[in-house]
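Below is one structure, written out as structure tokens; comments come after it.
This structure is a prediction, so every number in the text was calculated from the model and none was measured. To find a chain, count down the sequence lines: A is the first, B the second, and so on, and within it residues start at 1.
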There are 2 protein chains.
Amino acid sequence: METTASTLSRKAQIDQTATALFRTRGFAATSMRELATALGIEAGSIYSHIRSKEEILHRICFRMADQFFAGFANATQDDTQPAAVRLRRAIESHVRVLTLDVAASAVFLHEWRHLSEAARNEFLTLRERYEVNFRRLIQQGIEAGELHAPDAAFAALTLLASLNWLPNWFKPDGKLTPDDIAHRLADQLLLGLAHS
Amino acid sequence: METTASTLSRKAQIDQTATALFRTRGFAATSMRELATALGIEAGSIYSHIRSKEEILHRICFRMADQFFAGFANATQDDTQPAAVRLRRAIESHVRVLTLDVAASAVFLHEWRHLSEAARNEFLTLRERYEVNFRRLIQQGIEAGELHAPDAAFAALTLLASLNWLPNWFKPDGKLTPDDIAHRLADQLLLGLAHS
DNA sequence: CCTACCGATCGGTAGG
DNA sequence: CCTACCGATCGGTAGG
């Protein structure tokens, strides 16, 4: 009952601090001692809140996955819209999730390989399903004559790759808002660089 | 003199085996014992050929950087060509370097953060310079009316992000040759997904 | 949340 | 290239 909106639980603090460390130094190169020091406590104390180092990574990765899925579902649920419009909205949603927490996004994108094999397989299945969602949207757009691409799978991979580079350079306090960026990315990917 | 074209020097063997391990398990999570086992020797023996674990990573990263720069210079040296054509050739060169050794490319793209601070700074300076090369090419294309984009820097980042995702899915024995892929990528990035 | 500690493993070296 | 080893550090635990 002491907890206010601005006070993170100790567990949430651990997650947040670990996210920043995992992002800059990598999961394997980050020690629990470093994490403890950053939190201002002793290494052993962390284990009253979590079971293992991997558990933190697991939570970060799967929380982000949930957000991407929820955002996509919400952005594309309106079937009355053309596929190209729904694709635009899906792109905007993806960018919004990425920019809301760039550190967690970077961990989600790069550190999943350090999950245990079982968790890693589950993670990759989710990622594959998410890619299929984009692929299907592009495929629908092709069939409706709104989009053109020799291969929807290829197009989906390229599109997501462009979006996922964002955590590498996005600064929350920059001139461009997440929505500005989303629009530019969508324009560039949909319209191309060549003058028409 | 025993060395034939198909026989790698021990040092080259170490680099190659380490590249594969660094790629799948990450630099920090790969131990010198694992590397030794993969080579069929004892851990201590590696140090007759190299000075440190980081030296291997250093060589992989900077060798790839050299290849990207050499390829770009070669692809864009003909000033009589339009900027859009030179950009296409630069894309093809980049894809060629990536596909020639996807494992080394993946290490180059993801593991540079484990270089020592001095080497890391040098590496990032090179990467920045490479990106500027693409940015300038795009800028020239915009000024010549061959390309259109609200921001050349933004366009360059997005373009390279799409290309650099390649090592994550490219299979050397797949149906598409590197040149096929380069053409498709160039088409998609230059022409866009939207029907014109 | 701390103190004190566990066994395991790390990168690297000396001497042959 | 191996054997034998170094000091340091790792993730994690017991007991308070």
Item to check | Residue of the set B:Phe72, B:Phe69, B:Tyr130 for which ring-ring contact (aromatic ring centres under 6.0 Å, His included) holds with B:His94 | outcome: B:Tyr130
Checklist entry - Rounded to the nearest Å, what distance is computed from the NZ atom of residue A:Lys53 to the P atom of nucleotide D:dT13? => result 14 Å
Checklist entry - Think A:Ser48 has a side-chain N or O under 4.0 angstrom from the OP1 or OP2 of C:dC1? => result no
Checklist outcome for this item: When rounded to whole Å, the CZ to C1' distance for the pair A:Arg51 and D:dG11 reads 16 Å
Checklist entry - In Watson-Crick or G-U wobble terms, both distances under 3.5 Å, what is the partner of C:dG11? => result D:dC6
Item to check | Rounded distance (nearest 0.5 Å) linking atom CZ of A:Arg89 with atom CG of A:Leu137 | outcome: 11.5 Å
Next on the checklist: Treating A:Glu54 as the side-chain partner and A:Ser116 as the backbone partner, does any N or O pair qualify as donor plus acceptor under 3.5 Å?
Outcome noted: yes
Next on the checklist: Whether A:Arg135 and A:Glu128 form a salt bridge (side-chain N of Lys/Arg under 4.0 Å from carboxylate O of Asp/Glu) is what I want to check.
Outcome noted: yes
Checklist entry - What integer distance in Å separates A:Tyr47:OH from C:dC5:C1'? => result 14 Å
Item to check | Toward the 5' end of DNA chain C, by each residue's nearest nucleotide, A:Glu42 or A:Arg33 | outcome: A:Glu42
Checklist entry - To the nearest angstrom, how far is A:Ile46 atom CD1 from D:dG11 atom P? => result 9 Å
Checklist entry - Contact class for A:Ser31 (heavy atom, under 4.0 Å): base, sugar-phosphate, or nothing? => result sugar-phosphate
Checklist entry - Does D:dG16 have a Watson-Crick or wobble mate here (both distances under 3.5 Å), and if so which one? => result C:dC1
Item to check | Separation of atom CD1 in A:Ile56 from atom C1' in D:dG11, rounded to whole Å | outcome: 11 Å
Next on the checklist: Can you measure B:Ile41 atom CD1 to C:dG12 atom C1' for me and round it to whole angstrom units?
Outcome noted: 14 Å
Checklist entry - Given atom CE of B:Met32 and atom P of D:dA8, what is their separation to the nearest angstrom? => result 20 Å
Item to check | Spacing of B:Leu21 atom CG relative to C:dC10 atom P, expressed in whole Å | outcome: 12 Å
